[in-house]
Amino acid sequence: MSFTIAKSVDEALAAMAKGARPIAGGTDLVVGARHGKAALPTDLVAIDRLDELKSVTTTNDGVSIGALVTHHEIEMHPLLSTAYAGLADGSALVGSPSTRHIGTLGGNIMNASPAMDTGSPLAVMGAEVELRSQKGSRRVPIEELWTAPGKTIAAPDELCVAIHIPAPADRSNSAYVRLEYRRAMEIAVVGAAAFVALNEDGTIAALRVGLTAVSPKIFTGEFVAQIGKSVADAALVVERVSKEQAKPISDVRASDSYRRHTVGVMARRAVEAAARRAAGETIAIPVNRAIGIGAAS
Amino acid sequence: MTKSATATAPRFVRADGPDKVTGSGRYTADLAMTGVLAAKFRYAEVSHARITKLDVTAARAMPGVFAVLTADDVPDVRFGPMVQDRTLFARDIVRFEGEIVAAVAAIDADTAQRAADAIVVEYSPLPIVNDVTSALADGAPLIHEDWASYGAPSNMVRDRNDASFSSIAKGNVERGFAEADHIVRSHFESDGCHAAPIEPRAVVAQWEGNKVTIWTSTQVPFDARAGVCETLEMPNNRVRIIVPHLGGGFGGKCGFHYEAHVAALARAAKRPVRLVFSRREEFLAPDKRREGVVYDFETGVKADGTITARRVRLVIDNGAYTADAGFFSQLAAMHSLGPYKIPNALAEASLAYTNHQPSGSVRAPTAPQTCWALESHTDEIAKTIGMDPVAFRKLNAVDTGAEGPSGQVYGEIGTQRCIDAATAAVGYDKPLAEDEAIGVAIGWWPSFASPSGAYIKLDGDGSGQIITGAQECGTGAVMTLRQLAADELGMQPEDFELVYQDTSAAPYDMGATGSQTLFNNGRAVIAAASQIADQLRELAADKLEAAAADIVLAGGRAHVAGSPDRGVAITELAGIAAGGELLIGHGSGTPPPPPSTVGSTCVGDIGMSAWRAPQFSCHAVRLRLDRETGVVRVLHVSTAHDSGTIINLVGAQGQVQGGVMMGIGQALTEGTKYDDQGRQRNAALLEYKLQTCADAPAIDIHFVEINTPDAGPHGAKGLAEAPNVATAAAIANGIAKLVGSPVRNLPMTAERVWEAMQS
Amino acid sequence: MSTSFHLNVNGTDYPITVEQDRNLLSVIRGEIGLTGTKEGCDDCECGACMVLLDGQPVNSCSYLAVQAQGRAIATIEGVMVGDEMHPLQRNILDEGGVQCGFCTPGMILSAQALLARNTTPSEEEIRIGLSGNLCRCTGYTKIVAAVQRTAVELRK
């Protein structure tokens with residue numbers, strides 16, 4: 001067994017090239033090991049001290065989020081919580097306050113759980129993941145990152161270093177909502193993210209929807225046929241299509257039929273919230289606690 | 001008189017407070033001692049099977065393993081607080097997944113677990129009884145083939161899988177139904193759920209010679225001791241049970257659990273042994289989860305709303321062993337009739353063995369779920385006759401001088417005042433949003449009388465110690481004993497320290513169960529304090545040359561009545577006493593006599609049909625429903641309680657707030673789910689959802705204080721359980737208004753609410 | 001295989017040698033011998049194990065001990081200010097927000113972290129900030145009141 005603390009990305013990559021697994025906050029790894037899901041890797045390289053992976057940088061194309069940016073930082077970030085609101089919605093709902101302080105965006109997406117909260121928002125925003133190894137870097141559209149529950153396309157020696165999101169056009173924004181049985185400490189029963197761009201007349205210019213926890217990987221759809229339609233009409237279509245396309249399972253949290261129904265509702269609400277934000281309205285992060293049944297009373 | 005939560009509460013200083021906020025207080029899992037070994041259990045992991053092979057040889061041979069025990073290694077004793085249907089280790093047959101087949105003590109927890117896994121056990125499956133209806137069907141597999149040979153009180157009615165049948169009959173229900181203008185029938189089913197205290201239990205046992213000291217996270221140290229003595233065949237005075245700080249119980253840590261297992265391991269290993277439960281074990285193993293119940297109600301009413309008859313049939317899930325659930329049948333029968341004036345009543349209750357985890361007393365056993373079912377039924381009745389549900393309750397609920405469903409006539413009680421206070425506070429008549437509704441429910445709960453003793457001493461410097469067998473599970477009841485002693489002696493609560501939850505130091509107390517600590521031990525403490533008060537008055541009389549009858553104790557002094565300057569400090573008197581007759585008081589609160597019932601007959605009467613100092617409550621809940629998903633949000637809970645005189649307002653408020661949150665969890669997000677093999681599917685806190693701080697609604701608290709005779713100190717009744725009774729029922733009634741009909745399963749999860757809306 | 005490192009807990013440095021898969025909670029309670037941090041569950045769901053790591057709230061049951069090296073770890077034993085109770089400790093007692101006390105250390109640490117980053121929390125912010133700490137006894141009302149009172153006190 002070995003445990004090293006990387007002082008630079010290159011050190012981390014070198015350790016990974018020799019077979020070490022990266023650990024950032026470690027929550028998923030440690031909890032998973034305790035429950036016998038997967039033994040703790042014998043060789044670990046801690047990447048939590050790599051300050052170069054902790055920045056949020058605006059670029060000409062959009063924003064680059066270092067893989068070690070925490071959910072709490074995303075939730076509180078002035079740019080991310082306004083222009084990339086769907087991602088902030090997702091981060092604000094992950095786990096508990098302490099998980100949000102220690103858990104990282106990179107950790108969340110590389111864990112590849114079909115119920116992860118940041119997955120569908122990133123997908124509908126057209127995000128790319130930057131994977132780096134000693135051999136070089138590559139960018140992968142985020143939907144191609146996940147191959148199966150718990151599995152990504154990354155090679156064992158590749159480290160997720162950043163998530164790049166293209167700049168949203170004017171009059172566009174995103175939202176993520178999920179079904180919850182209590183107001184905190186939940187895993188998405190079902191969830192949905194929407195990215196909406198509006199024409200000047202308020203009709204749909206672009207519409208993408210991502211569904212969480214109803215299929216082995218995040219499901220995404222581009223609703224080209226809704227271009228030019230009203231938000232209300234488009235939202236209803238999204239609801240119907242989401243119900244049709246979802247492949248939910250029955251488990252201890254919910255039956256497949258309930259999931260199928262509610263993911264449609266979530267998808268419609270995500271579209272409605274994203275559209276309101278696209279039109280310039282502020283809906284506080286996260287939507288779940290700003291409007292509807294989960295709003296503070 | 002009603003007191004609202006806005007009334008300024010006098011300061012409640014907890015003696016155990018500093019321990020708890022600084023982390024210096026030790027709970028059982030925090031204890032360490034030289035040479036302590038780690039214990040692990042091997043559980044059945046199947047719900048019903050015959051053991052065909054059990055071989056511990058490999059486990060015993062493992063390095064670092066000091067003891068491996070099975071049924072062959074302990075006395076062949078069948079035990080149980082009511083029905084003796086239980087053994088420490090499985091004998092021949094395992095009857096639920098958490099049954100203990102073997103126990104290991106080893107050098108550390110990992111070694112103990114590997115040894116437990118290395119025990120060879122083979123099973124031949126037996127048919128699994130996974131619900132109460134199948135359990136009582138003709139030809140159902142017997143969970144206990146030898147049920148008839150088990151010891152049990154002669155007044156228990158047992159038959160095959162029915163471990164305890166009880167009925168309450170009054171008047172003539174057929175005649176009552178004949179008089180009715182409407183008959184309303186309802187069916188309800190509640191799932192089991194859990195106490196889920198935040199501290200998983202732990203036990204440490206250490207032998208010295210032929211005596212054993214057991215530190216354990218129990219709510220009932222004397223029951224634990226009795227269990228050890230019975231199963232290990234030892235006398236009471238060689239077993240000492242000590243409870244360090246207890247991290248909550250709610251009934252889950254009542255009863256006799258693993259003290260004997262750990263003591264037996266320690267004796268076999270010749271070293272102290274420590275058992276610490278994981279959260280998963282805390283869900284699966286203890287025989288103290290809240291029982292699931294199936295209900296059928298039938299009520300006849302006149303058009304003007306008066307109840308003419310009520311008939312109920314209910315079946316309680318006993319689980320695999322009877323624990324203390326033996327009295328649940330009669331208790332549930334009472335709850336199913338409810339705090340109502342019912343001239344003709346018949347409630348029949350059975351306690352069915354199944355292959356589930358055993359049921360036992362969890363905070364107001366049988367009450368929250370039975371109140372949920374009955375109060376949902378009550379709103380259905382009101383709707384049938386077009387009557388406002390609150391008006392229906394005001395018409396039919398018992399109040400001062402009324403006769404209850406079992407024939408008990410009540411003295412002064414506060415049911416009507418509770419209904420008025422709670423409905424006013426929630427704003428019952430105010431207009432609501434389209435997706436909001438207000439649900440109301442009334443509940444009740446007995447107080448429990450029990451023998452109980454305490455000593456008090458004042459040392460030579462005047463500092464006091466209260467030595468009591470009472471157990472502090474967190475409510476603050478034991479902490480409040482200081483207040484009672486201080487009031488008797490004219491001293492301050494902080495003048496007293498507490499020695500408690502140690503069976504060798506103090507006399508018997510029933511423990512943190514049945515909301516009885518202040519009710520019974522409080523009277524014992526007052527009696528003990530009054531003995532010392534008499535001694536102090538004699539000493540002061542001597543010193544002040546006055547008559548003892550003229551001495552007043554106040555402000556830390558003893559003075560002659562009417563002449564406060566003619567006095568002497570109590571500390572000085574204590575110094576004098578230290579040279580002669582020591583200041584020692586002992587007290588035993590004499591239990592008040594049980595009330596009588598007239599005009600009802602009971603089969604299987606276990607003394608639960610007449611309630612001492614009954615408590616009454618009304619909860620009114622405003623909630624919101626997300627119609628598209630069935631998710632319910634509780635916004636405002638207004639509570640009103642008649643629990644007699646309130647001795648400790650801060651503590652009482654805490655019980656209401658905690659009880660309400662527990663009730664919301666029961667109503668909406670908790671509940672045990674079983675697979676088709678009788679195993680729990682949600683034995684973890686991620687999937688067994690407790691309410692979080694973010695879920696808590698506004699909670700109003702009103703106490704209708706009635707100084708109740710034949711009750712606790714200063715006219716108090718019990719308190720800790722009652723606040724958990726009516727919340728889920730009130731929530732159900734709010735949901736039913738929005739959905740159009742009751743949700744007939746508890747918990748009323750979002751998916752169940754949504755399904756109710758589809759039909 | 002064991003690994004050796006130092007952990008700084010409440011300002012004191014402890015040399016530690018443990019298996020690298022040991023979680024921080026078990027080392028705090030075991031080798032370091034501070035039992036105020038509690039174990040309430042086995043799936044990072046109750047918050048009883050909360051400690052602060054460089055001021056951030058962390059569920060120590062799900063954090064590797066070896067990874068905590070080089071960080072300032074704060075447990076409940078370090079909350080007092082000299083011999084005086086921290087206002088959070090005093091207020092949670094005064095308000096009646098302590099019953100069985102098992103959730104209390106974790107609750108105090110979460111509240112401490114909350115107040116460090118937000119000196120004027122709304123009731124909703126307090127409730128969300130404490131939502132990772134389960135309490136079964138109090139119903140949370142008096143705990144929230146204690147945090148509100150402390151926020152006001154600390155601002156003075």
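A note on names: the letters A, B, ... follow the listed sequences, proteins ahead of strands, and every chain is numbered from 1. Because the structure is a prediction, the values reported are computed rather than measured.
Per-residue counts of heavy-atom pairs under 4.5 Å with chain C were compared for B:Leu690, B:Val660, B:Asp19, B:Val656; the largest is that of B:Leu690. Here B:Lys20 is the residue among B:Lys20, B:Met661, B:Gln655 with the most heavy-atom pairs under 4.5 Å with chain C. Comparing C:Leu93, C:Ile126, C:Thr104 by heavy-atom pairs within less than 4.5 Å of chain B, the highest count is held by C:Leu93. Ranked by non-hydrogen atom pairs under 4.5 Å with chain B, the options C:Cys44, C:Gly33, C:Gly36, C:Cys137 are led by C:Cys137. Between chain C and the options B:Ala195, B:Ala32, B:Ala698, the largest number of non-hydrogen pairs under 4.5 Å is found for B:Ala195. Ranked by heavy-atom pairs under 4.5 Å with chain B, the list C:Leu34, C:Asp94, C:Asn133, C:Ile92 is led by C:Asp94. Of the residues considered (C:Cys100, C:Pro105, C:Gly96, C:Gly139), C:Cys100 shows the highest number of contacts with chain B, using heavy-atom pairs under 4.5 Å. Contact count against chain B (heavy-atom pairs under 4.5 Å) is highest for C:Lys142 among C:Met80, C:Glu77, C:Lys142. Ranking B:Glu472, B:Glu670, B:His245, B:Met479 against chain C, the residue ahead of the rest is B:Glu670, based on heavy-atom pairs under 4.5 Å.
Here CD1 of B:Ile701 is found 7.0 Å from OG1 of C:Thr141. Values are rounded to the nearest 0.5 Å. Taking CD1 from B:Ile198 and CD from C:Gln99, the interatomic distance works out to 12.0 Å, rounded to the nearest 0.5 Å. Separation of atoms NE2 (C:His86) and OG1 (B:Thr22) is listed at 14.0 Å; rounding is to 0.5 Å. From B:Gln657, atom CD reaches atom SG of C:Cys135 across 10.5 Å, with rounding to the nearest 0.5 Å. C:Thr35 OG1 to B:Tyr27 OH: the interatomic distance, rounded to the nearest 0.5 Å, is 10.0 Å. Rounding to the nearest 0.5 Å places CZ of B:Phe277 at 12.0 Å from CG of C:Asp42.
Proximity to chain B is absent for every atom of C:Val79, based on heavy atoms less than 4.5 angstrom apart. With a 4.5 Å cut-off on non-hydrogen atoms, C:Leu130 touches chain B through its backbone and its side chain both. Proximity to chain B (any heavy atom under 4.5 Å) is shown, for C:Glu123, by neither the backbone nor the side chain. Heavy atoms of B:Phe250 lying under 4.5 Å from chain C belong exclusively to its side chain. Residue B:Leu246 touches chain C through its backbone alone, counting heavy-atom pairs closer than 4.5 Å. If you measure heavy-atom distances from C:Leu134 to chain B, the contacts under 4.5 Å come from both the backbone and the side chain. Only the backbone of C:Glu39 comes within contact range of chain B, judged by heavy atoms closer than 4.5 Å. Residue contact with chain B, scored on non-hydrogen atoms closer than 4.5 Å, involves the side chain of C:Met85 exclusively.
Annotation: side chain of B:Cys693 is not in contact with side chain of C:Ile143 (no heavy-atom distance under 4.5 Å). Using a 4.5 Å heavy-atom threshold, the side chains of C:Lys38 and B:Asp30 count as touching.
Residues B:Asp695 and C:Arg127 are not paired through a salt bridge, judged by the lack of any N-O separation under 4.0 Å between the basic side chain and the carboxylate. Electrostatic pairing of B:Glu282 and C:Arg136 does not count as a salt bridge here, judged by no charged N lying under 4.0 Å from a carboxylate O. A salt bridge does not link C:Asp43 to B:Arg280: none of the charged nitrogens lies less than 4.0 Å from a carboxylate oxygen.
The list of ring pair (Phe, Tyr, Trp, His ring centres under 6.0 Å) pairs with a residue in residues 108-156 of chain C, not counting sequence neighbours, is empty.
A donor-acceptor pair under 3.5 Å is formed between the side chain of C:Gln89 and the backbone N or O of B:Val21.
The nearest pair of heavy atoms linking B:Ala694 to C:Ile128 is CB-CD1, 3.8 Å. In plain terms, the two heavy atoms of C:Cys41 and B:Leu685 that are nearest each other are CB-CD1, 3.7 Å. In terms of heavy atoms, B:Pro200 sits closest to C:Gly40 at CG-O, 3.6 Å.
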